[in-house]
Engineer: 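Sending over a structure as structure tokens; questions will come in a sec.
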Amino acid sequence: MQTVVLHNTLTHREEPIVPIDAAGRRVLFYSCGPTVYDDAHVGNFRSFLNADILRRTLELVGYTVRHVMNITDVGHMTDDANADGAGEDKMAVAGRRLLEAKKAGTLPDGVSLDPRDPLAIADFYAARFLEDARTLGLKVAIDLLADPTCMPRPTRCIPQMIELAKRLIDRGHAYVARDGVVYFDVGSFPAYGRLSGNTLAALREGAGERIQAEHQAFKRGAADFMLWKPDASHLLKWDSPWGAGYPGWHLECSAMAAEFLGQEIDIHSGGEDNIFPHHECEIAQSCCGFGQATFARTWFHTRHLVVEGQKMSKSKGNFFTVRDVMARGVTPAALRLELVRMHYRTNANFTWQGLKDCQRQIDRWARAHAALVPHARTCPGKPSAPAGPFETALGEFTLALCDDLNVARAVAAINSVVASSPDGASATHCARRELQAIQSMDSVLGVLDRNTSQQPADDRLAAQVAELIARRAAARAAKEWGESDRVRDELSALGVQIKDGPEGTTWTRQ
RNA sequence: GGCCGAGUACCCAAGUGGCCUAAGGGGACGGAUUGCAAAUCCGUUAUUCGUGGGUUCAAAUCCCACCUCGGCCUCCA
């Protein structure tokens, strides 16, 4: 099996993936997924899709990947930055937003939900997330249809979280403070800070930022973080040995990774903002709770996306959801490629021009693929034929991905042969193997099957365009070029672009 | 203040000591095609890799200094 080399945030080095699995075939992979209090935006999806590319690359070289991605439906406060659970539950905020939308009549048709029910809100956005995820080819979301365990939700794993918190108390790594809150005792875990570089000393020196005096009163250490907060007034609450309340926001991933993958896993992914504090705290919880030196062997982090050169964030409001982009007629394939084509450890720039670039490349691959299909059917096989251009490209493609997911190089490998073998009809190689090769490459990129715009059909526009095209065809037949061009301008004014092909005129929305 | 990246043509971007007078894509330009376009196809488009030093027979690639930009450390992937 080809070795996949990946940059490990924990060691700051590129390292080969060596599975825990004794047979070396199965890879355990946990990804931090979305928090479903709103629609996911393109930046969220860059992180999820990079995890997907990694998973598909592992599968390309022959691994079986058990991939789990959580859908967080509880436990995040608007102000839980301070690690003490202050602020307001995001689900409550989402509920207010939905309530306003309901009053204003801007909720999508057919949606009926109680905006005061946090679980209903979470379900609402989770369903929309899964729709987007499947549109973009996130394999774990497709797996979910057959395997209900691969995208767990914290609200369904509260007992496991309580269990882990108990273990941490029993083992002397957590304590119940005078305010009744269960805290993790960071001082009890010397390796804290190894992932992020935020050692306890560094955190203390960083005075003023996240460590604020008013939150420190009951904690042993400044960096101690919450595991369970008793709060009977909270919107979502569960019984626990420490009173009715809710879990700390790091606890879910430790508990669910252990539940669905194991106490030690091969790869753990997330966006770079997860490195600290979230993943640092996960390591502390899992290692201390289960008594082992390692939680995830490899940490895989995707850097943030910027939009047209500007940092995007929810608070700034300059972000696009997947649905926003789709509404502009962009194909899922183009969006998928645009989000993964730049190396995951650089700050990628999302642009409309970039989407166009991607679309042209994908269209060319699709034409090459389509040209190969009939040949592969009729071709007798030629098993002894030398490797054709796509087979050769597949080698370079795989090599590039195995080298720390070098998607740009992998894409170049395809491009460099697409031009040189336009019809795939060469007599010297086997069209069937060529087809398999291009499909193998697409098994990672995942674009050929989703190269169709999701834009809702507009029947009125379609009828209008059909009529104009017919008028133009008549004018052209009569060689009335002035009239023909006028009609084309009219179509253009409608935002419609036409293409004259051998089978007649086709059109697309601009 | 701590941590981490990046600066390669008009734009995106690969390349980490010789195969580099620098891959691939987009754009632009020229050609084919077209009634003219669009789409498609073919061709052209960096002797040069942020700046200044150094190491070496040999550097975009290694070392030093400097400049610039970005990200994380708070919500957020």
Side-chain angles (χ1 to χ4, degrees), chain A residues 7 9 12 31-35 38 40-51 76-83 87 90 93 193 195-199 201-210 212 269-278 280 301-306 309 311-316 319 337-339 341-349 351 353-364 367 396 400 403 406-419 422 475-476 479-482 484-485 488-489 491-492 497-502 505-508:
Chain A
H7 180 91
T9 310
H12 309 285
S31 294
C32 279
T35 304
D38 203 349
H41 57 69
V42 289
N44 299 129
F45 266 98
R46 166 143 124 117
S47 159
F48 306 145
L49 288 175
N50 271 130
H76 284 208
M77 302 298 114
T78 52
D79 191 26
D80 63 1
N82 54 46
K90 284 175 179 171
V93 177
L195 181 72
S196 61
N198 285 329
T199 57
L203 282 172
R204 277 194 203 98
E205 283 162 13
E209 292 292 334
R210 65 176 236 107
Q212 290 164 347
S269 79
E272 64 176 323
D273 57 311
N274 283 151
I275 295 172
F276 188 87
H278 186 51
E280 197 73 76
H301 292 105
T302 294
R303 283 173 171 277
H304 279 180
L305 186 73
V306 298
K311 188 195 168 185
M312 80 186 287
S313 70
K314 294 209 169 180
S315 50
K316 274 190 187 170
F319 65 90
L337 187 60
E338 168 73 357
L339 292 176
R341 73 213 269 241
M342 282 166 259
H343 192 83
Y344 69 92
R345 272 186 299 112
T346 67
N347 291 114
N349 190 11
T351 64
Q353 182 59 51
L355 285 166
K356 280 190 200 161
D357 293 3
C358 289
Q359 190 60 62
R360 287 200 61 158
Q361 291 186 71
I362 294 164
D363 286 344
R364 198 173 306 137
R367 277 195 297 277
E396 163 59 15
D403 179 13
N406 194 332
V407 177
R409 219 172 92 206
V411 163
I414 303 181
N415 282 328
S416 56
V417 300
V418 162
R476 293 183 71 214
K479 295 198 192 295
E480 288 164 6
W481 308 129
S484 157
D485 291 349
R488 189 167 60 203
D489 290 344
L491 284 161
S492 169
Q497 188 172 75
I498 55 169
K499 254 192 252 185
D500 292 331
T505 301
T506 57
W507 62 280
T508 47

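By convention in this document, chain letters (A, B, ...) are assigned in the order of the sequence lines, proteins followed by strands, and residues within each chain are numbered from 1.
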Engineer: With no angle test and no hydrogens, is the base of B:G15 tied to the side chain of A:Asp403 by a donor-acceptor pair under 3.5 Å?
Structural biologist: no
Engineer: Taking the side chain of A:Glu272 as heavy atoms from C-beta outward, which of B:G71, B:C41, B:A77 is closest to it?
Structural biologist: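 The closest nucleotide is B:G71.
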Engineer: Students often get this wrong, so: under 4.0 angstrom with heavy atoms, is A:Gly43 touching a base, only sugar-phosphate, or nothing?
Structural biologist: base
Engineer: Expressed in whole Å, how much space separates the P atoms belonging to B:G27 and B:A38?
Structural biologist: 12 Å
Engineer: From C-beta outward on A:Lys499, which listed nucleotide comes closest to its side chain: B:G26, B:A38, B:G5?
Structural biologist: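 Of B:G26, B:A38, B:G5, B:A38 is nearest to the side chain of A:Lys499.
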Engineer: So what does A:Leu305 touch, heavy atoms closer than 4.0 Å: a base, only the sugar-phosphate, or nothing?
Structural biologist: base
Engineer: What integer number of Å spans the C1' atoms of B:U16 and B:C49?
Structural biologist: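 Those two atoms are separated by 13 Å.
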Engineer: Looking across every strand, which nucleic acid part, if any, lies under 4.0 Å from A:Asn406 by heavy atom: base, sugar-phosphate, or nothing?
Structural biologist: sugar-phosphate
Engineer: Could you check whether the side chain of A:Arg341 and the base of B:C12 have a donor-acceptor pair of N or O atoms closer than 3.5 Å, going by distance alone?
Structural biologist: no
Engineer: According to the Watson-Crick and G-U wobble definitions, with both distances under 3.5 Å, which nucleotide is paired to B:U47?
Structural biologist: none
Engineer: Can you say whether a donor on the side chain of A:Ser484 sits under 3.5 Å from an acceptor on the base of B:G35, or the other way round?
Structural biologist: yes
Engineer: Identify the nucleotide, in any strand shown, that forms a Watson-Crick or G-U wobble pair with B:U56, with both distances under 3.5 Å; if there is none, say none.
Structural biologist: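 Checking every strand shown, B:U56 finds no partner, since no pair has both distances under 3.5 Å.
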Engineer: Quick one: label A:Asp500 by what it contacts on the DNA or RNA (base, sugar-phosphate, nothing), any heavy atom closer than 4.0 Å.
Structural biologist: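 The residue A:Asp500 makes base contact.
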Engineer: Which base sits across from B:U34 as a Watson-Crick or G-U pair, both distances under 3.5 Å?
Structural biologist: none
Engineer: Assign A:Arg360 to base, sugar-phosphate, or nothing according to its heavy-atom contacts below 4.0 angstrom with the strands shown.
Structural biologist: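 The answer is sugar-phosphate, as A:Arg360 gets under 4.0 Å only of primed atoms, P, OP1 or OP2.
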Engineer: Assign A:Arg488 to base, sugar-phosphate, or nothing according to its heavy-atom contacts below 4.0 angstrom with the strands shown.
Structural biologist: base
Engineer: Determine the Euclidean distance between corresponding P atoms of B:A46 and B:A22; express it in Å to zero decimal places.
Structural biologist: 8 Å
Engineer: Please classify the nucleic acid contact of A:Asn274 as base, sugar-phosphate, or nothing, using heavy-atom distances under 4.0 Å.
Structural biologist: sugar-phosphate
